[in-house]
Each structure stands twice: as structure tokens, then as C-alpha cells.
Asker: 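Mind having a look at this structure? Questions to follow.
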Amino acid sequence: MSLFEQRHSASHVLAQAVLALFPEAKLGIGPAIEEGFYYDFELPRALTPLDLQKIEKRMKNIIHEKQPFKHYDLDRAQTEKKLKEADQKFKLELVDGLNLDTYSFYENGPFVDLCRGPHVEHTGQIGIVKLLKIAGAYWKGSEKNPMLQRIYGTAFSTQEELDAHLHQLEEAQKRDHRMLGKQLDLFSISEDVGPGLILWHPKGARIRHIIESYWKDMHFDSGYELLYTPHVGRGNLWETSGHLKFYKENMFASMDIDDQHYYVRPMNCPFHILVYKNNQHSYRNLPIRYAELGTVYRFERSGVLHGLMRVRGFTQDDAHIICTPEQVESEIEKVLDICLTILRKFGFTEFKIFLSTRPEEKYVGELPQWAMAEDALKKAIESQSLPYEVDQGGGAFYGPKIDIKIKDAIGREWQCSTIQFDFNLPDRFSMSYVDSDGVKKKPIMIHRALFGSIERFFGILIEHFEGAFPLWLAPVQVKLLTVTHEVKEYTDKCAAQLRAQGFRVQIDDTSEKIGYKIRLAASEKHPYLAIIGKTEAETNTLSLRQHKVGDIGSMPIEDAIQKWKDELKFVDT
């Protein structure tokens, strides 16, 4: 019995409880998800928190009854008859879309649902349930469809596990990057610009600059060359790549320029391939490593947009490695090494790695290629002495991959880095190199993104650090607060001295009382505050406060500079 089965079964019990309280309810879908489950309903009125309490109480009674889950199949005619009698229009629509010969049902007590399973043996095995919130959700995620009410819940085997999860949710709420982004003036999303499109404010942009500068230096040091490519391309480019055939619903509408269709790019790959193809390459030139911080645009439905985590315009830290088969193993090891080095730099030390292998059907490339690629990925993971899971058959049709999840400060896992082979695009674009025998051959191409996207990674960082960025990453490292106007000259001198040493400094020399200034600056989560009054000006010192620590005493400005340099040096080791 898995947690997935418990939660999937709990979603059925949720629907059963809702139907008991609202017999006219229309059922949408009710899957298990990573942290729990949900079910969508069309109801005669909006639900309230009191309704959630009543539904949860009814669910606990059903769980106590230990109702067995029974499975059976019906043919299409029987299925349609059953769902029409139940007056479940959304389920009928699902049947039309699936177009199967037989349909799977699960029954527990008086409740029956169209479902493939799996489930626990009886409701008593579901464990401890908790309903969390109500949200709106368009049917099938489309704004053209009815808005349903989605009830989210979770289930765990023990009360202790549930309590730990609820505590994590409380912590997550305090760390919500959308709230902190506004509070700390890092970014915004304007309806005038459009949903899913990010406006980076000065402080957020400064952090982005630090991230990108570090990323670029690491790549130059690792033998990559940087590219800059257009945000749009002609339709024939996207036809060659296959995007117009297989990905068009995720692309923005075309622009007509000089009687040609142009599309904003959903990916950077075709541009990098064209840079490669601009010259004929020998095996002696390989490997070639191209990297780009390239902004791409994808049409995400408004119902799934979520701050920085799910957007319509985002910057991929994209790279493509083009190499010979003999170079694959060492290249994958290097990619994984730079990936983990970068993630550790930002404070992530716990990883989950997944190796996704060849699908059984519908794949491109030759079997020896797949075996070679999967073996290289496996050896690279094992060279890092890291545990991993194999997702058998879970690879994309065009190649196997490694996915890396990182664990944040409160134990949440985030999908982050991907290292992906591609046996498809080299064929589509007729890529080649001249091998040592003088024969043109097709190179191996590897995609990889380490952050995933700058926007999403920044959102993860905000929540990981709760907005209190470490000294090396903070947009303002030291904020100087004046006690009186009389110390302005000394404060300006201190600021100039700190800036000359490369520190990012801000001054608050307003006429507000120092207590208010300290409270305001503390809410901005700067690593250090320096309070400057007459005593400090006369003794050439700073009175320092450290975020989450408090007063750490006075010291000469030279000693403060050395302290911060030592702190930064420690991060670099």
C-alpha cells in the first residue's frame, strides 16, 4: 500500500462526502498529487470553511466504516448509460475524449467513480485526512470551460506525519515568494503587461545579475562559449524543429512580417544548431559547448500561472553540448559536476536524482545509441556517489535524461536541473561532423538546464532563504542608518569606503527616529545594519546588527570590512 494509493482513495472518499451533502454536485476529476489530493466539483453555491469542516467530518466517518474498494469494467454503452443516469456530464465528456472499448470503475459503499485506480483495499487504510483549502479551477484548465470548485486535501498514515506536513505548510506560507517579492520590492506582475510576464525591480535585478555573472564565469571556466540568439524566428525554422507540428498549442500566435510567419521562440535549441551548422566541423573541433541565458515564451493557461514558478516568459540557462559518441561519457560527468557545484553554491546540499530510460514504444534513434546514453548517465551519477532512482521507460521519445530535485530549507523538493540527450534534432537539422576516417557522421547532442529557468530558480531561492539572502547574494549587503543629520558626512564617507571594496550599500539618512529605521531595515532582511551616531563618527566605528542575530557590537570600519570579506571568502571555499 503506497501513499499514492491512500491519497487517490481519499479523493474518492472526498467526492463521496460531497455528494452526501450536495446530491446535485457534478464531479470533475480527483487525482492524487505530490502532497495530497484534490477533487473538482460543480456545486449549487460557493463552499465556505464551515462546509470543509462538515465534509471532512463525513470523510472520517466513511474511513471509519472500512468500506471495501471494488473494481469492475463496463463497455462504452454501459458506461454512458450509467453516467447519464447519475447525471454526471463532466464524466461523460471524459468518456468521449478517451474513446475506449471498456471503462474502469471503482466502487466503495454507495459511491462509484470512473477511475483506473489503484486504490487501497478498504477506506480504513486511507489513514489521517485533512482538507486544506478551496480554490477555483476551470474544467480541463481552459477559460472557455465552466469554473469548478476544487477542494484540496492531504492524507498520511499517522497523525505525526500529518502534523509535520501541516507545519511545513505554515512555514511555506511565511516563505511565499509572491508575498516576499512584494514586501522586499524584488519583482512584480502587471495586468497592463500581461499575466505570466515578470517585471524585475532593481533589487531583484541585482540578484539576477549576481546569479547570471556567477553562471557565466562558471561556464567560461568549464569550456563553454556564450551565445545570444533572437527572440523570434520564421515559421519554417519551427517546422524543421517539429515545434509547429507537436508544440504549437504552447506557442504564441504568429506575427506576419514581409509575408512570412514569425513565432516567438518556445525554445533556444534551433538557434544553437544553426550556429553550429554555420561551419563544417571536424571531430577535432568537438566537443562544442554552447550556453545561453535565453528568454523563451510559452503559452501557459491562466489557471496554472503562479508567481515566478509558472510563467509565460522565462529565461532558460540553456546549453547544448555537441560531441562524438566517444566523448559522451566524460561530457556527461562534467555536466553533472558543474550542475551540482552550482546548486551547492546556492545552499542546496540534498538531491534526488532520477534516470529516465527509453520508452517501450514511439522513440527515435537506434537502440545502441540509447544504451550508450543511458550507460553514460548512469556512470555519471554513480561517479558522484549519489543515490538515484530509475524511471524505466520514462524518457522522452528523443532521448534518455537525468532530472535533479533539490531539497529546500523546510524539506520541500523542487524539480530543478535536467540533462537530456536528443537523437531527434540532429536528424531534423542534418547536423554532421567529419570523423577521423574522413566520413561525415551525425554528432550526439545533449541539452541541459541547471537552474531550469532564472525566474523559477529565483522564486525557489526567495522561499529557501525566506527573503533573507546570504551576504554574497543580497542586493543590499549593508544598510547604514544615521541617528542624526550631524553624522551624514561620516556616513557618506563610510559608504564610499565600503563601495570601493565592492560592497553593496544603502543609506537611510531620513529624519525618522532610529528605532523606526531599525525596524524598517530589519523587515527588508539585509544581512547587516550599521547604526551610526556621534560616538561612531568620533571613533571611526560602526555599530553592527546582523539579521536574525541582533546586536553584534561596534568595530572599526576596517575590521567590519575584513569580517565581511572573510565571510564571503568562506562561501567561495
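Since the structure is predicted, the reported quantities are computational estimates derived from the model, not experimental observations. In this chain, numbering begins with 1 at the start of the sequence shown.
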Asker: Are Lys66 and Gln125 packed together at the side-chain level, in the sense that at least one heavy-atom pair is separated by less than 4.5 angstrom?
Answerer: no
Asker: Would a 4.5 Å heavy-atom cut-off, applied to side chains only, mark Val18 and Tyr39 as touching?
Answerer: no
Asker: Please identify which of these residues, Phe346, Phe348, Phe458, meets the ring pair (Phe, Tyr, Trp, His ring centres under 6.0 Å) condition with Phe451.
Answerer: Phe346
Asker: On the ring face of Tyr138, is Arg301 found with NZ or CZ under 6.0 Å from the centre and within 45° of the axis?
Answerer: no
Asker: Set out, in order, the CA-CA distance, both residues' side-chain angles and the distance that settles side chain to side chain donor-acceptor pair (under 3.5 Å) for Asp40 and Gln149, then state yes or no.
Answerer: CA-CA 6 Å; Asp40 293 340; Gln149 295 186 70; over 6 Å; no
Asker: Between Phe156 and Arg7, is there a cation-pi geometry (under 6.0 Å to ring centre, at most 45° from the normal)?
Answerer: yes
Asker: Is atom NE2 of His261 surrounded by more than 12 heavy atoms (other residues, nucleotides or ligands) closer than 6.0 Å?
Answerer: no
Asker: Between Phe423 and Trp370, is the ring centroid distance below 6.0 Å?
Answerer: yes
Asker: Answer yes if the side chains of Gln159 and Asp163 hold a donor-acceptor pair under 3.5 Å, and no otherwise.
Answerer: yes
Asker: Take the angle between the ring planes of Tyr297 and His231 and call it parallel below 30°, perpendicular above 60°, tilted in between.
Answerer: tilted
Asker: Going through the distances and angles, do His177 and His464 end up as a ring-ring contact (aromatic ring centres under 6.0 Å, His included)?
Answerer: CA-CA 9 Å; His177 74 280; His464 178 62; over 10 Å; no
Asker: Using a 6.0 Å distance limit plus a 45 degree cone around the ring axis, check whether Lys133 lies over the aromatic ring of Tyr152.
Answerer: yes
Asker: Should Lys60 and Glu56 be marked as a salt bridge (charged side-chain N to carboxylate O under 4.0 Å, His left out) after you check the CA-CA gap, both sets of side-chain angles, and the distance that decides it?
Answerer: CA-CA 6 Å; Lys60 290 177 179 177; Glu56 186 179 300; 3.2 Å; yes
Asker: Under the criterion ring-ring contact (aromatic ring centres under 6.0 Å, His included), I'd like the reasoning laid out for His526 against His547: C-alpha separation, chi angles, the key distance, then a yes or no.
Answerer: CA-CA 7 Å; His526 307 300; His547 185 67; 8.9 Å; no
Asker: Count the heavy atoms of every other residue, nucleotide or ligand shown that sit under 6.0 Å from CD of Glu360, and state whether that count exceeds 12.
Answerer: no
Asker: Parallel, tilted or perpendicular: which one describes the rings of His119 and Phe69, with boundaries at 30° and 60°?
Answerer: parallel
Asker: Quick one: do Lys407 and Arg412 satisfy side chain to side chain contact (heavy atoms under 4.5 Å, CB included)? Show the steps, please.
Answerer: CA-CA 5 Å; Lys407 186 175 284 189; Arg412 294 174 300 176; over 6 Å; no
Asker: Decide ring-ring contact (aromatic ring centres under 6.0 Å, His included) for His201 and Phe187; before the verdict, give the C-alpha distance in whole Å, the side-chain angles of both, and the deciding distance to 0.1 Å.
Answerer: CA-CA 5 Å; His201 295 199; Phe187 73 93; 7.6 Å; no
Asker: Heavy-atom distance under 4.5 Å between the side chains of Phe111 and Val13, does that happen here?
Answerer: no
Asker: Assess whether atom NZ of Lys352 is packed by more than 12 heavy atoms of other residues, nucleotides or ligands within 6.0 Å.
Answerer: no
Asker: Any side-chain donor-acceptor pair under 3.5 Å between His447 and Thr418?
Answerer: no
Asker: Kindly write out the residues that satisfy salt bridge (charged side-chain N to carboxylate O under 4.0 Å, His left out) with Asp87, not counting sequence neighbours, or none if the list is empty.
Answerer: Lys26
Asker: Output the distance between atom CG (Leu47) and atom CD1 (Ile55), rounded to the nearest 0.5 Å.
Answerer: 5.0 Å
Asker: Kindly indicate whether the side chain of His320, heavy atoms from C-beta on, has any atom under 4.5 Å from the side chain of Glu292.
Answerer: no
Asker: Decide yes or no on salt bridge (charged side-chain N to carboxylate O under 4.0 Å, His left out) for Lys91 and Asp113, but give the supporting numbers first.
Answerer: CA-CA 9 Å; Lys91 298 292 185 181; Asp113 203 358; 2.9 Å; yes
Asker: Trp139 vs Phe41, test: ring-ring contact (aromatic ring centres under 6.0 Å, His included). Steps then yes/no.
Answerer: CA-CA 9 Å; Trp139 171 237; Phe41 304 94; over 10 Å; no
Asker: Within a radius of less than 6.0 Å around CZ of Arg312, do more than 12 heavy atoms belonging to other residues, nucleotides or ligands occur?
Answerer: yes
Asker: For the CZ atom of Arg175 and the CG atom of Leu180, what is their distance to the nearest 0.5 Å?
Answerer: 9.0 Å
Asker: Can a side-chain donor-acceptor contact be found between Asp75 and Thr102 if the only test is distance below 3.5 angstrom?
Answerer: no
Asker: Might you confirm whether atom NZ of Lys525 has over 12 heavy atoms from other residues, nucleotides or ligands at distances under 6.0 Å?
Answerer: yes
Asker: Dump the intermediate steps for side chain to side chain contact (heavy atoms under 4.5 Å, CB included) on Gln16 and Met59, then the final yes or no.
Answerer: CA-CA 8 Å; Gln16 181 182 353; Met59 289 179 69; over 6 Å; no
Asker: Within a strict 4.5 Å, meaning less than it, do heavy atoms of the Glu171 and Lys174 side chains meet?
Answerer: yes
Asker: Are there more than 12 heavy atoms of other residues, nucleotides or ligands under 6.0 Å from atom CD of Glu24?
Answerer: yes
Asker: For His167, is the NE2 atom crowded, meaning more than 12 foreign heavy atoms sit under 6.0 Å from it?
Answerer: no
Asker: Does a side-chain heavy-atom distance below 4.5 Å link Ile62 with Arg58?
Answerer: yes
Asker: Within a reach of under 6.0 Å around CZ of Arg116, are more than 12 heavy atoms found that belong to other residues, nucleotides or ligands?
Answerer: no
Asker: Partners of Tyr103 by ring pair (Phe, Tyr, Trp, His ring centres under 6.0 Å), sequence neighbours excluded?
Answerer: none
Asker: Under a 4.5 Å cut-off applied to non-hydrogen side-chain atoms, are Glu121 and Pro68 in contact?
Answerer: no
